[in-house]
Amino acid sequence: METIQITTEFIKLQDLMKLADLVGSGGEAKVLILDGQVSVGGEICLQRGRKLRPGDVMTFRGRDYTVAYAD
């Protein structure tokens, strides 16, 4: 599992995908999310603006990514 660190209270799903270098743009993230290729907490998520907080787990293409506060 890869940990993505944030410095804010939460991060939107599409922004997390960009921060983790999984997509090149928000538009690309939107298409993949709406296509059902991303899950949060083990359930398919179709909301690109879903707020993820530390401890949340996103899965994309068989890999897990968790959110944590930067030290």
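This chain uses plain numbering: 1 for the first residue, then up along the sequence.
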For residues 2-20, which side-chain N or O atoms pair as donor and acceptor with protein atoms under 3.5 Å away, sequence neighbours left out?
from	atom 1	to	atom 2	distance (Å)
Thr8	OG1	Phe10	O	2.7
Gln14	OE1	Arg48	NH1	3.3

Atom pairs and distances, side-chain donor-acceptor, residues 25-42, under 3.5 Å, sequence neighbours left out:
from	atom 1	to	atom 2	distance (Å)
Ser25	OG	Gly27	N	3.4
Ser25	OG	Glu28	N	3.1
Glu28	OE1	Gly24	N	2.8
Asp35	OD2	Gln37	NE2	2.7

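Taking all atoms of both residues into account, the shortest heavy-atom contact from Phe60 to Tyr65 is O-CE1, 4.2 Å. Closest of all the heavy-atom pairs between Ala68 and Pro54 is CA-CB, 4.1 Å.
The hydrophobic cluster around Ile44 extends to Leu46, counting ILVMFWY residues whose side-chain heavy atoms fall within less than 4.5 Å of a member.
By the salt bridge (charged side-chain N to carboxylate O under 4.0 Å, His left out) test, Asp56 pairs with no residue at all, sequence neighbours left out.
Tracing side-chain contacts under 4.5 Å through hydrophobic residues (I, L, V, M, F, W, Y), one reaches Tyr69 starting from Val67; they form part of the same cluster.
Within a 6.0 Å radius of CZ in Arg53, more than 12 heavy atoms belonging to other residues, nucleotides or ligands are found.
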